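Source: prediction; values computed, not measured. Every chain is numbered from 1, with letters handed out A, B, ... down the list of sequences.
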Amino acid sequence: MKDILKEMILAAAKAANQCGALPNADFPDVTVELPKTQAHGDYSTNLAMQMAASQKMPPRKIADILLSHLADENRIIAKTEIAGPGFINFFIQPSAWHSLLINILETDTRFGGTNIGKGRKLQVEFVSANPTGPLHVGHGRGAAVGDSVANILSFCGYDVQREYYVNDSGRQIRTLGLSVYLRLRQLMGQTIDFPEDCYQGEYIRDLAREIQKKEGAALEKKPEAEAVENCARFAADSILKGIDKDLIDFGVTFDRWYSEQSLYDSGQVDAVLQEMESKGSVYTKDGAKWFRTTAFGDEKDRVVVRENGLKTYFASDIAYHQEKYQRGFERVIDVWGADHHGYIKRVTAAIEACGRRRDQFHVILVHLVNLSREGVPVAMSTRSGEFVTLQDVVKEVGRDAARFIFLTRHYESPLDFDLELAKKKTNDNPVYYVQYVHARITSIIRKGRAENGIEQIDWDQKSVARLETPEEIDLIKLLGNYPEVVRLSAELMEPHRITYYLMELAAAFHGYYNRHKVLSDDAELTKGRLCLILAVRQVIRNGLKLLGVSAPEKM
RNA sequence: GCGCCUGUAGCUCAGCUGGAUAGAGCAACGGACUUCUAAUCCGUAGGCCAGGGGUUCGAAUCCCUUCAGGCGCGCCA
């Protein structure tokens, strides 16, 4: 509806310019918005005010000229007015809303999607937690955000690939191996001081028991370095399998798991470093090799090869990101924890050094989750191993509640997650509020079938035209906003916009439900109202799908 | 010290990338089930948009600055 108006207004401006009423042919972008109050119409535009300077005319005069050149061929506008400093307000014909409703029903599962992606290839890399321990709640938020962003972009016409980068190389993996190895020796009766910088969690002991069962005796005979290496591989593999399972239970799957080690094995890390050295982006100082990230806006240059010859994590990250573009992605999106924000500049630098544009890379920084139970904070410490895993949370509150709550905030806002609140089946907990709409509507349709003998709801102008109460028109109008919400959440990569929209739509529906009865003796009106709630259900379903939350038939 | 993020109702948060009189939920108070699911609805009350400057027809939104909180500033990942 908004887009139709936009085009009409632009056409009016052009027509006015052609007949000389408006001297300047340079028009600003037409913006149409939804006024806060009903008194200002269904839609309004500020175009006249924006053109005042370039046309050298008072805004209200311009508004008047625009209106006189407006051609409303499909008769969708009931009334227009010029208000305030120069706003043009539009009041829409009820019949136009009815056509919109039919359009929604026809578009069905595709309603809301705008093809802004045009098939362009894009990658979302998310979670990418180190395989040194189980996923915790913070990873859950990253998973929910990343998965939903991927859903939304894909729905809007992008060719999206979901990837998990596995840090299966480097010191932490050795530490993991050592941790398991030392626990193993303890199991074998040796007294060993377990170092503080090793992983403390109980799961390390579990892993030690497993590897003891499998190859305990053989491991004992091996030299320590080799045994630690074996433990590391075993532990990382096992933990990674657990992570995969946790994510599947959370409804998140990846197209590809990308191994950091494979970048070393294939020589890509060395190759990219050499290439950059020859271009002068990498230089040697104090026995180490540095990448000149300052040339791309970083505060200081960063080490890629240490004095001891070992490459830093950053070195493989350069190779990894370069490789992403070589795979044909036009744009790469990384979802990171907010504690990694200091890393953005250097990775951006690496990407620019590899000849890509800055805007081909985007980082979504997901802020931390404060877990609590009835307002009392639950302690979270990775080192001590005292943390609540994602698995625990999903088990306790359910997948839908967890995912929905993770998406009730802008990702850059810290999130308070209360376990007891997440379980509540009241208005405190918005998940059920939205899902309830879906169940309720399904129930009405079920009843309509059973008692009114309505087998199939097929829509037509005549029955839909019976929708005339303000609540009904408002509902349709709200449904009509959905595509813009989806488009914005795709452009800004902000899933929470959909969450909030669904809550608003749910509220509007519940209000309508309490005020008007859908099923009645009036067959035509019943049919019209069934069409309306069918459309509401469809939008709820489409929206929940983008969030990765189920739409239950019964509750 | 430097960088990034946050600051909006008592609490938790939206605010459509500058629009008209600032929006929800919770908590508080008062109402609505013989009804298509009360996991719901209706009403009342609640504000110096952290403070101060600027930019313009117009600012919660953009710029500068101060204050408060979070996170980060390794040849760790």
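A distance of about 11 Å separates the C1' atoms of B:G51 and B:A68, rounded to the whole Å. Nucleotides B:A45 and B:C5 have their P atoms positioned 39 Å apart, rounded to a whole Å. Spacing of C1' atoms, B:A22 relative to B:G3, comes out at 33 Å, to the nearest Å. Taking atom C1' on both B:G54 and B:A59, the two are 11 Å apart, rounded to the nearest angstrom. Between B:C2 and B:G18, the distance separating the two P atoms is 30 Å to the nearest Å. A distance of about 22 Å separates the P atoms of B:C49 and B:U65, rounded to the whole Å. A distance of about 40 Å separates the P atoms of B:U21 and B:A39, rounded to the whole Å. The gap from the P atom of B:C63 to that of B:C16 amounts to 15 Å, rounded to the nearest Å.
A stacked arrangement is not assigned to A:Phe87 and the six-membered base ring of B:G19, the conditions of a centre distance below 5.5 Å and an interplanar angle below 30° not being jointly met. In this structure, A:His40 forms no aromatic stack with the base of B:G19, since the conditions of centre separation below 5.5 Å and plane angle below 30° are not both met.
Side chains of A:Thr37 and A:His40: a donor-acceptor N/O pair is present below 3.5 angstrom, by distance only. Defined by atom type and a distance below 3.5 Å, a donor-acceptor pair is present between the side-chain atoms of A:Glu260 and A:Ser316. Between the side chains of A:Asp197 and A:Thr175, not a single donor N or O lies within less than 3.5 Å of an accepting N or O.
Heavy atoms of A:His367 sit under 4.0 angstrom from primed sugar atoms or phosphate atoms, though from no base atom. Base contact: A:Ser443 has a heavy atom under 4.0 Å from a base atom. A:Leu488 comes within 4.0 angstrom of sugar-phosphate atoms only, judged by non-hydrogen atoms across all strands, and of no base. In this structure, A:Lys447 reaches the sugar-phosphate backbone alone: every heavy-atom distance under 4.0 Å involves primed, P, OP1 or OP2 atoms, never a base. A:Asn429 comes within 4.0 angstrom of no nucleic acid atom, judged by non-hydrogen atoms across all strands. As judged by a 4.0 angstrom heavy-atom cut-off over every strand, A:Glu307 is placed among the base-contacting residues. Residue contacts shown for A:Ile441 are absent, as no nucleic acid heavy atom lies under 4.0 Å away. Nucleic acid contact class of A:Arg497 (heavy atoms, under 4.0 Å, all strands): sugar-phosphate only. Backbone-only engagement by A:Gly511 is indicated by non-hydrogen atom pairs under 4.0 Å involving sugar-phosphate atoms exclusively. No contact: A:Lys289 has no heavy atom under 4.0 Å from any strand. Using a 4.0 Å heavy-atom cutoff across all strands shown, A:Tyr433 reaches sugar-phosphate atoms only and no base atom. A:His516 comes within contact range of at least one nucleobase, with a heavy-atom separation under 4.0 Å. Residue A:His341 is classed as a base contact, given a heavy-atom separation below 4.0 Å to a base. Using a 4.0 Å heavy-atom cutoff across all strands shown, A:Lys424 reaches no nucleic acid atom at all.
Listed nucleotides B:A14, B:C36, B:G23 differ in distance to A:Lys36; the shortest reach to its side chain belongs to B:G23. Closest to the A:Asn46 side chain, of the nucleotides B:A77, B:G19, B:A14, is B:G19. Side-chain proximity of A:Pro85 to the nucleotides B:G19, B:A14, B:U37 is greatest for B:G19. Proximity note for A:Arg306 (side chain, C-beta onward) versus B:A39, B:C36, B:A77: the nearest is B:A77. Closest contact between the side chain of A:Met49 and the listed nucleotides B:A77, B:G70, B:C57 involves B:C57. When distances are taken from the side chain of A:Ala288 to each of B:C41, B:C75, B:A20, the shortest belongs to B:C75. Closest to the side chain of A:Arg409, out of B:A38, B:G19, B:A14, is B:A14. Comparing B:C41, B:C75, B:U21 against the side chain of A:Asn514 picks out B:C41 as the nearest.
Within the 4.5 Å cutoff, no side-chain heavy atoms of A:Phe291 are placed close to those of A:Leu273.
We find that CZ of A:Phe509 is positioned 11 Å from P of B:C41, with the value rounded to whole Å. The separation between A:Leu421 atom CG and B:C11 atom P is 17 Å, rounded to whole Å. One atom, CG of A:Asp317, and another, P of B:A77, lie 10 Å apart when rounded to the nearest Å. The CD1 atom of A:Ile445 sits 11 Å away from the P atom of B:U37 (whole-angstrom rounding). Across the protein-nucleic acid pair, A:Asn481 atom CG and B:A14 atom P stand 20 Å apart, rounded to whole Å. Nucleotide B:A39 holds its C1' atom 8 Å from the NE2 atom of A:His510, rounded to whole Å. Here the P atom of nucleotide B:C5 and the CD1 atom of A:Ile364 are 15 Å apart, to the nearest Å. Rounding to whole angstrom units, CZ of residue A:Arg537 and P of B:U37 are separated by 13 Å.
Annotation: A:Asp359, atom CG; neighbour count of heavy atoms from other residues, nucleotides and ligands within 6.0 Å is above 12. Annotation for A:Asp29: atom CG does not count as buried by contact number, only 12 or fewer foreign heavy atoms lying within 6.0 Å.
Looking only at distances, no side-chain donor or acceptor of A:Asn46 sits under 3.5 Å from a matching main-chain atom of A:Phe87.
Between A:Tyr500 and A:Ser44, the residue whose closest nucleotide on RNA chain B is further toward the 5' end is A:Tyr500. Between A:Val303 and A:Leu365, the residue anchored nearer the 5' end of RNA chain B, judged by the nucleotide with its closest heavy atom, is A:Leu365.
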ask   = Taking it one step at a time, do A:Arg302 and A:Tyr343 satisfy side chain to side chain donor-acceptor pair (under 3.5 Å)?
value = CA-CA 11 Å; A:Arg302 309 289 173 177; A:Tyr343 216 72; over 6 Å; no
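Across all strands shown, nothing is found opposite B:C48 as a Watson-Crick or G-U wobble partner with both distances under 3.5 Å. Nucleotide B:A68 forms a Watson-Crick or G-U wobble pair with B:U6, both donor-acceptor distances falling under 3.5 Å. Under the Watson-Crick and G-U wobble criteria, each requiring two contacts below 3.5 Å, nucleotide B:G25 is paired to B:C11. In a base pair of the Watson-Crick type (N1 to N3 plus N6-O4 or O6-N4) or a G-U wobble (N1-O2 and O6-N3), with each distance short of 3.5 Å, B:C62 is matched with B:G54. Judged by Watson-Crick or G-U wobble contacts below 3.5 Å, the nucleotide B:U34 has no partner. Both distances falling under 3.5 Å, in either a Watson-Crick or a G-U wobble arrangement, place B:C73 opposite B:G1.
When the side-chain nitrogen and oxygen atoms of A:Arg515 are compared with OP1 and OP2 of B:U40, none of them lie within a distance under 4.0 Å.
The base of B:A20 sits with one of its N or O atoms less than 3.5 Å from a complementary donor or acceptor on the side chain of A:Asn89. A donor and an acceptor atom never sit less than 3.5 Å apart when one is taken from the side chain of A:Asp339 and the other from the base of B:G72.
Under the 4.0 Å criterion applied to side-chain N and carboxylate O atoms, A:Glu229 and A:Arg233 are assigned as salt-bridge partners.
Glycosidic conformation, B:C33: syn, with the torsion inside 90° of 0.
Aromatic ring orientation, A:Tyr258 versus A:Tyr165: tilted (interplanar angle from 30° to 60°).
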